[in-house]
A.B. asks: 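Have a look at the structure that comes next, please.
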Amino acid sequence: MDKKYWTMERLDRLYKDWDPKVLTDLKAKIAKSNWRLGYHIQTETGLLNDPNGFSYFNNQWHLFFQAFPYGGVHGLKSWPHMVSDDLVNWKNTNKPMVPDRYYDRHGCYSGSAINVDDKLFLMYTGNVFEDDDEYRRHPYQDGAWMDKDNNIEKLSEPLIDNAPALITGHFRDPQILKHGDYYYAILGAQNIDNEGEILTYRSKHVDKGWKFYKVMDLGHDNLGYMAECPNLGFVDGKVVLIFCPQGADDTKFSYDNVHPNAYITADDFDWENMKLINPSAMHQVDEGFDFYATQLFNAPDGRLLESAWIGLPDTEYLSDDEGWEGALTMVRELHIKDGRLIQTPVKENDSLIGEKDNVENGMQLDKQSLINFDVEDGKDNEMLINSDDSYLKLSFDRDSHKLNLTRKNIGEDAESRNVLLGSSRLQDCAIYFDNTVFEIYINDGQRTMTGTFFHDGKNLKLKFNNLDNVSVNKLSNIGINA
């Protein structure tokens, strides 16, 4: 990434003011990449981050996300719009929501969607920096209607034009829900004491009349200096709240990434008092290297679904120099068991699974592969995907019940993440490998580890030690470019 090139003028430049040749040249450059993905949503050019507007409308699944098409940097954000009939094969509608109003002129930031009659209503944060002596952030909570032809019409005025008293300009990421007679908006915020909070608004009308209601009571006060991307979900008679407590005290809630993605389960939710009933401890949603901004969706078919950004804020990636960054996870189905979150790929992803490879230690690994294995009792175990100057290693220590994941990207130092399985053993493990991203599902989804893996783009070999029932299936390369 050329930091001298990315001036504030270029980062904030409206899309209509860019020379079309910039995208043409960027497409040609990215076409030569050895790091592109096969079955995860990625942008054709530029940066992808938070998933937004996950919904089911007009007999299709809909998924938006934040993006900046002109480079692998966090520039002026729009919402590309993807649709799918099966949660696996996604197509770009080519009708994005772009920043074009005063109240979203520095970017269309995170938000959500809800069906209302025969339209889809979008609620999102419009990012604005006031050009005064302090260059202050002024967030607007904005709305838009989308019709059955995927045409989006923004409201003429913001739904919420100011943060409430004692809240800073860090006020964003509305999740919109309907309960009883009211629509509710759940928003991440920072108070004037630099503490994270989750705020709630409500209205009887989705497109007007929004008023501050209450601060949500999570039963926890370790929300760092900002609680981003809050989402409520309901499954198995329980409740889960997922959010990103930036700067949370890691002596009370352990995490290794620059910013964590956390969850709390609860027995119920008190809508009148905006309170989690009998909340659990805080846990990491995913214990890998790159996972953030989870969006939940209680689907009409009864499932609780999840999409997340395979990436992190305030982080640079090797693909930035090629002009692109980021991906979305496969859609996952969530359950709650014994107060913990269970995450598995939705069953529709089985359509990606192809023929089995002949498994040999040291075999060549396809860039799109599903690796399954379990472990031999009483022995230390290891699986390694390696190339000339890079590797991804998964090992299990039988004494400590600790699963260790070590990554060495090409040209970088090795780093590790660990999962403590407690008294349980490593019974099974599934690795969904997609060239430069991976999703690991441990013990039927009791833990997950997601991240990026930048190798030399040529030979990838699979090696293993003391593993049972190793199988490798080819996965389809369906080339989802947004």
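The figures that follow rest on heavy atoms only: side chains count, while hydrogens, waters and symmetry mates do not. It should be emphasised that the depicted structure is a prediction, and the values quoted were computed from it without experimental measurement.
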A.B. asks: Atom CD1 in Ile114, atom CD in Gln175: separation rounded to 0.5 Å?
C.D. replies: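 So the CD1 of Ile114 and the CD of Gln175 are separated by 9.0 Å.
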A.B. asks: Measure the CD1-SG distance between Ile198 and Cys229 for me, rounded to the nearest 0.5 Å.
C.D. replies: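 Here the rounded value is 10.5 Å.
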A.B. asks: What about the rings of Tyr184 and Trp271, do their centers lie closer together than 6.0 Å?
C.D. replies: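 Distance test on ring centres: under 6.0 Å, yes.
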A.B. asks: Would you say the ring centers of Phe453 and Trp35 fall short of 6.0 Å from each other?
C.D. replies: no
A.B. asks: Would Arg10 pass as a cation-pi partner of Trp18, given that its NZ or CZ must be under 6.0 Å from the six-membered ring centre and within 45 degrees of the axis?
C.D. replies: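 Because its charged atom misses either the 6.0 Å distance or the 45° angle limit, Arg10 does not stack over Trp18.
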A.B. asks: Kindly indicate, with the supporting measurements, whether the criterion side-chain contact (heavy atoms from CB on, under 4.5 Å) is fulfilled by Val240 and Ile264.
C.D. replies: CA-CA 6 Å; Val240 60; Ile264 301 168; over 6 Å; no
A.B. asks: Between CG of Asn52 and OH of Tyr109, what distance do you get to the nearest 0.5 Å?
C.D. replies: 11.5 Å
A.B. asks: Please work out whether the ring planes of Phe64 and Trp79 are parallel, tilted or perpendicular, with thresholds of 30° and 60°.
C.D. replies: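 Tilted, since the angle between the ring planes falls between 30° and 60°.
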A.B. asks: Looking at Lys408 and Asp389, is there a salt bridge between them, counting it only when a charged N and a carboxylate O are closer than 4.0 Å?
C.D. replies: yes
A.B. asks: With under 30° as parallel and over 60° as perpendicular, where do the rings of Tyr225 and His259 fit, or are they tilted in between?
C.D. replies: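 Because their plane-to-plane angle is over 60°, the rings of Tyr225 and His259 count as perpendicular.
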A.B. asks: Is Arg202 positioned over the aromatic face of Tyr182, cation under 6.0 angstrom from the ring centre and no more than 45 degrees off axis?
C.D. replies: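 Arg202 over Tyr182 ring: yes.
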A.B. asks: Has Ser203 got a side-chain atom pairing as donor or acceptor with Lys208's backbone, closer than 3.5 angstrom?
C.D. replies: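 The answer is yes, because a donor-acceptor pair under 3.5 Å joins these two groups.
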A.B. asks: Is the number of heavy atoms from other residues, nucleotides or ligands under 6.0 Å of Lys178 NZ greater than 12?
C.D. replies: yes
A.B. asks: Are a donor atom and an acceptor atom from the side chains of Arg172 and His170 found within less than 3.5 Å of each other?
C.D. replies: yes
A.B. asks: Does a donor on one side chain and an acceptor on the other come within less than 3.5 Å for Asn349 and Tyr432?
C.D. replies: no
A.B. asks: Heavy atoms only: give me the nearest His81-Asn92 pair and the separation to one decimal.
C.D. replies: O-OD1, 3.3 Å
A.B. asks: Above 12 or not: heavy atoms from other molecules or residues under 6.0 Å from CG of Asp350?
C.D. replies: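 Counting neighbours around CG of Asp350, more than 12 heavy atoms of other residues, nucleotides or ligands fall under 6.0 Å, so yes.
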A.B. asks: Are the side chain of Thr24 and the backbone of Val22 linked by a donor-acceptor contact shorter than 3.5 Å?
C.D. replies: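 Side chain of Thr24 to backbone of Val22: no pair is present.
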A.B. asks: Checking Thr45 side chain against Pro69 main chain: does a donor-acceptor pair fall under 3.5 Å?
C.D. replies: yes
A.B. asks: Tell me whether Asp149 is salt-bridged to Lys95, with the criterion being a basic N under 4.0 Å from an acidic carboxylate O.
C.D. replies: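 Salt bridge between Asp149 and Lys95, a charged N being under 4.0 Å from a carboxylate O: no.
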A.B. asks: If I compare all heavy atoms of Glu325 with all of Ser319, which pair ends up nearest, and what's the gap?
C.D. replies: CA-OG, 3.8 Å
A.B. asks: Should the pair Arg407 and Phe289 be classed as cation-pi, given the thresholds of under 6.0 Å to the six-membered ring centre and 45° from the axis?
C.D. replies: yes
A.B. asks: Is any NZ, NE, NH1 or NH2 atom of the basic residue among Lys21 and Asp25 found under 4.0 Å from an Asp or Glu carboxylate oxygen of the other?
C.D. replies: yes
A.B. asks: Is it the case that the side chains of Thr448 and Glu439 hold a donor-acceptor pair, with the cut-off being a distance below 3.5 Å and no angle test?
C.D. replies: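 Distance-only check fails for Glu439 and Thr448.
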A.B. asks: Tell me yes or no: between the side chains of Thr450 and Arg332, is some donor less than 3.5 Å from an acceptor?
C.D. replies: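 There is such a pair between these side chains.
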A.B. asks: Find the distance between CG (Asn151) and CE (Met146) and round it off to the nearest 0.5 Å.
C.D. replies: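 The CE atom of Met146 is 9.0 Å from CG of Asn151, to the nearest 0.5 Å.
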A.B. asks: Determine, for Lys32 against Glu322, whether the closest basic-nitrogen to carboxylate-oxygen distance falls under 4.0 angstrom.
C.D. replies: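 The answer is no: the pair does not qualify as a salt bridge.
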A.B. asks: So do the side chains of His74 and Asn49 get within less than 4.5 Å of each other, counting heavy atoms only?
C.D. replies: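 A side-chain contact under 4.5 Å exists here.
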A.B. asks: Does the gap between the ring centers of Phe297 and Tyr56 come in under 6.0 Å?
C.D. replies: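 Centroid separation for Phe297 and Tyr56: 6.0 Å or greater.
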A.B. asks: What distance separates Asp434 CG from Thr329 OG1, expressed to the nearest 0.5 Å?
C.D. replies: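 The CG atom of Asp434 sits 12.0 Å away from the OG1 atom of Thr329.
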A.B. asks: Please determine, by modelled atom types, if Asn409 and Ser390 share a side-chain donor-acceptor pair under 3.5 angstrom.
C.D. replies: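 Asn409 vs Ser390: no donor-acceptor pair found between side chains.
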A.B. asks: Any side-chain heavy atom of Ile410 sitting closer than 4.5 Å to one from Leu318?
C.D. replies: yes
A.B. asks: Using the six-membered ring of Phe269, assess whether NZ or CZ of Lys275 lies under 6.0 Å from its centre and within 45 degrees of the ring axis.
C.D. replies: no
A.B. asks: Taking atom types as modelled and ignoring hydrogens, do the side chains of Gln284 and Asn261 form a donor-acceptor contact shorter than 3.5 angstrom?
C.D. replies: no
A.B. asks: Heavy-atom distance under 4.5 Å between the side chains of Lys27 and Glu44, does that happen here?
C.D. replies: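 In short, these two side chains touch, coming nearer than 4.5 Å.
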A.B. asks: Would you confirm whether Tyr255, through its side chain, and Ala248, through its main-chain N or O, come within 3.5 Å as a donor-acceptor pair?
C.D. replies: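 Yes, because the side chain of Tyr255 sits within donor-acceptor range (under 3.5 Å) of the backbone of Ala248.
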A.B. asks: Is the number of heavy atoms from other residues, nucleotides or ligands within 6.0 Å of CG (Asp301) greater than 12?
C.D. replies: yes
A.B. asks: Is there side-chain contact between Leu199 and Met216, with heavy atoms separated by less than 4.5 Å?
C.D. replies: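 Sidechains of Met216 and Leu199: no contact.
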A.B. asks: Going by heavy atoms in the side chains, are Ser55 and His62 under 4.5 Å from each other?
C.D. replies: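 Yes, close enough: below the 4.5 Å cut-off.
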A.B. asks: If you take the centroid of each ring, where Trp contributes its six-membered ring, are Phe212 and Tyr201 closer together than 6.0 Å?
C.D. replies: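 Ring centres of Phe212 and Tyr201 closer than 6.0 Å.
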A.B. asks: Kindly indicate whether the side chain of Gln295, heavy atoms from C-beta on, has any atom under 4.5 Å from the side chain of Glu306.
C.D. replies: no
A.B. asks: On the 0 to 90° scale, with breaks at 30° and 60°, tag the Phe129-His106 ring pair as parallel, tilted or perpendicular.
C.D. replies: tilted
A.B. asks: Return yes if a side-chain donor-acceptor contact under 3.5 Å exists between Arg105 and Asn127, otherwise no.
C.D. replies: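 Judged by distance alone, the side chains do not pair up.
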A.B. asks: Under 3.5 Å, is there a donor on one side chain and an acceptor on the other for Ser84 and Asn89?
C.D. replies: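 The criterion, which ignores hydrogens and geometry beyond distance, is not satisfied for Asn89 and Ser84.
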A.B. asks: With under 30° as parallel and over 60° as perpendicular, where do the rings of Tyr140 and His138 fit, or are they tilted in between?
C.D. replies: parallel
A.B. asks: Distance alone, cut at 3.5 Å: any donor-acceptor contact between the side chains of Glu333 and His335?
C.D. replies: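 Yes, His335 and Glu333 have a side-chain donor paired with an acceptor closer than 3.5 Å.
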A.B. asks: Given side-chain contact (heavy atoms from CB on, under 4.5 Å), test Thr294 with Asn231 step by step and report yes or no.
C.D. replies: CA-CA 8 Å; Thr294 302; Asn231 273 236; over 6 Å; no
A.B. asks: Between Phe65 and Ile41, is any pair of side-chain heavy atoms under 4.5 Å apart?
C.D. replies: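 They are in side-chain contact.
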A.B. asks: Short question: side chain of Asn298, backbone of Leu304 - any donor-acceptor pair under 3.5 Å?
C.D. replies: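 The answer is no, because no donor-acceptor pair under 3.5 Å joins these two groups.
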A.B. asks: Could you tell me if the ring centre of Phe291 sits under 6.0 Å from that of Trp309?
C.D. replies: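 Centroid distance Phe291-Trp309: not below 6.0 Å, so no.
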A.B. asks: Salt-bridged, Asp366 to Lys474, with N to O below 4.0 Å?
C.D. replies: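 Yes, Asp366 and Lys474 are salt-bridged.
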A.B. asks: Is the shortest distance from a Lys or Arg side-chain nitrogen in Arg101 or Glu153 to a carboxylate oxygen in the other one below 4.0 Å?
C.D. replies: no
A.B. asks: Answer with yes or no whether the side chains of Tyr317 and Asp290 bring together a donor and an acceptor at under 3.5 Å.
C.D. replies: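 Tyr317 and Asp290 do have a side-chain donor-acceptor pair below 3.5 Å.
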A.B. asks: Please check if any side-chain donor atom of Asn150 sits under 3.5 Å from a side-chain acceptor atom of Thr93, or the reverse.
C.D. replies: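 No.
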A.B. asks: Taking atom CD of Gln368 and atom CG of Leu475, what is their separation to the nearest 0.5 Å?
C.D. replies: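 Gln368 CD to Leu475 CG: 7.5 Å, rounded to 0.5 Å.
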A.B. asks: Apply side-chain contact (heavy atoms from CB on, under 4.5 Å) to Asp100 and Lys154, showing your working.
C.D. replies: CA-CA 10 Å; Asp100 59 4; Lys154 296 178 183 176; 2.7 Å; yes
A.B. asks: Please determine whether a side-chain nitrogen of the Lys or Arg among Arg447 and Asp286 lies less than 4.0 Å from a carboxylate oxygen of the Asp or Glu.
C.D. replies: no
A.B. asks: Is there a donor in the side chain of Thr168 and an acceptor in the side chain of Gln190, or the other way round, less than 3.5 Å apart?
C.D. replies: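 Looking only at side-chain atoms, Gln190 and Thr168 do form a donor-acceptor pair, the distance falling under 3.5 Å.
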A.B. asks: Would you check if Arg303 and Leu87 make a side-chain contact, meaning some heavy-atom pair closer than 4.5 Å?
C.D. replies: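 Yes - at least one pair of side-chain heavy atoms lies under 4.5 Å apart.
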A.B. asks: Check the pair Asn257 / Arg417 against side-chain contact (heavy atoms from CB on, under 4.5 Å), numbers first and verdict last.
C.D. replies: CA-CA 9 Å; Asn257 292 339; Arg417 298 290 184 267; 2.9 Å; yes
